[in-house]
Number of protein chains: 2
Amino acid sequence: MPTSDSLSNTFAALADPTRRAILARLASGETSVTELCRPFEMSMPAISKHLKVLERAGLITRGREAQWRPCRIEAAPLRDVAGWVEQYRQFWEQSFDRLELHLQEIQAAGGEAADKKKGAKKHVRN
Amino acid sequence: MPTSDSLSNTFAALADPTRRAILARLASGETSVTELCRPFEMSMPAISKHLKVLERAGLITRGREAQWRPCRIEAAPLRDVAGWVEQYRQFWEQSFDRLELHLQEIQAAGGEAADKKKGAKKHVRN
DNA sequence: GCATTACTTAACCTAAAGGTTAAGTATATA
DNA sequence: TATATACTTAACCTTTAGGTTAAGTAATGC
């Protein structure tokens, strides 16, 4: 199944370093396709495909100005990524003990989460 | 070229909704592969492959306890994603005019003191 | 009208992603 | 030792990703 949910599309679009470089370039301003091609050893059709992927993910929009097709970054999907990853912030900001405490609090709050692990805390991180 | 940079690996791993669901499950605590399989209509080998992708991206680690292979979330790559996306925060938090000003400041900063705002706004967003 | 510039689309190729079933491996237990 | 449980690996299949070259389209300018 292609799973066309937008977060998957966004992550897939961001998984290519060429496309991230294009976004970085667009962060400093709208520009043409030919200009976007310049840094890469890649044919223009290849870049055109990358742009189509970025566009489908909503990460850029394309206009028309004479024979140029100026590309502009669109940040909404990036905001969604930031929102998604934010829910994991605790995992890299808190110490392990704080984290484990937090998880215990969550599970306690849940009432009776399926705690099928018998030995409880065998795997202590060094 | 496979481009094995870690950010690309991380984004690619996160581009699949099954894998994001697995991470979400692991956020509430370490668990077994069989347990991770339960919510999905998918064979265990398929889940096993997903876990391998997550492991290669550094998003999980796997232990051994008797015949179980407990999986644990690892947040470092998520922190990297948060760091990467952070550089685009301005694009969704500021108004267009504020943004354009900011970009002009950046470009001016390459040389001397920030000073004026040029006209140059042909592409005004609706 | 015709050439030039700036693209996009089509056709093709190879490799990788994501699923399957079947077979293999590690550990616990009767 | 044999059997069950919990996986992983192998072999295979189909679809998609990412690149190529060649041809098509849109606007400008002589």
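Each chain gets a letter, A, B and so on, in the order the sequences are listed, and its residues count up from 1. Predicted model, so just to flag it, every value in this text is computed and none were measured. Values below: all heavy atoms of this structure, side chains included; hydrogens, waters and symmetry mates excluded.
Counting to the nearest Å, the C1' atom of D:dG19 and the CZ atom of A:Phe40 are 14 Å from each other. Atom CG of A:Asn9 and atom C1' of D:dT16 are 13 Å apart (whole Å). The nearest whole Å value for the distance from the CZ atom in B:Phe11 to the P atom in C:dA17 is 17 Å. Regarding A:Arg62, its CZ atom lies at a distance of 18 Å from the P atom of D:dT25, rounded to whole Å. Atom CD1 in B:Ile47 sits roughly 16 Å away from atom P in D:dT9 (whole-Å rounding). Taking atom CG of B:Leu51 as the reference point, atom P of D:dT8 lies 7 Å away to the nearest angstrom. Rounded to whole angstrom, the span from the CZ atom of B:Arg56 across to the C1' atom of C:dA17 amounts to 13 Å. Rounded to whole Å, the distance from CG on A:Leu36 to C1' on C:dC7 is 12 Å.
By the side chain to side chain donor-acceptor pair (under 3.5 Å) test, B:Gln87 is found to be paired with no residue, residues two or more places apart in sequence or in another chain being considered. In this structure A:Arg89 satisfies the salt bridge (Lys or Arg N to Asp or Glu O under 4.0 Å) test together with A:Glu86, A:Glu93, sequence neighbours excluded. By the side chain to side chain donor-acceptor pair (under 3.5 Å) test, B:Arg20 is found to be paired with A:Asp5, A:Ser8, residues two or more places apart in sequence or in another chain being considered. Under the side chain to side chain contact (heavy atoms under 4.5 Å, CB included) criterion, B:Met42 pairs with B:Thr18, B:Phe40, B:Ala46, B:Ile47, B:His50, not counting sequence neighbours. Scored by the side chain to side chain donor-acceptor pair (under 3.5 Å) test, B:Thr61 finds B:Glu74 as partners (sequence neighbours excluded).
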For nucleotides 20-30 of chain C, 5' to 3', base contacts (B), sugar-phosphate-only contacts (S) and non-contacts (-) with protein non-hydrogen atoms under 4.0 Å give BBB---SSS--

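Taking side-chain N and O atoms only, B:Ser48 has a distance below 4.0 Å to OP1 or OP2 of D:dT8. Look at A:Thr18 and you won't find any side-chain N or O under 4.0 angstrom from OP1 or OP2 of D:dG18. Taking 4.0 angstrom as the limit, A:Thr34 places none of its side-chain polar atoms (N or O) nearer than this to OP1 or OP2 of C:dT5. The phosphate of C:dG18 has OP1 or OP2 within less than 4.0 Å of a side-chain N or O from B:Arg19. At D:dA27, none of the side-chain N or O atoms of A:Arg69 fall inside 4.0 Å of OP1 or OP2 (strictly under the cut-off). For the pair A:Ser32 and C:dA6, the criterion of a side-chain N or O lying under 4.0 Å from OP1 or OP2 is not met. Side-chain nitrogen and oxygen atoms of B:His50 include at least one within less than 4.0 Å of the OP1 or OP2 phosphate oxygen of C:dG19.
The line from CD1 of A:Ile73 to CD of A:Glu30 is 11.5 Å long, rounded to the nearest 0.5 Å.
Although no hydrogens or angles enter the test, the distance criterion places a donor-acceptor pair under 3.5 Å between the side chain of B:Arg64 and the main chain of B:Ala66.
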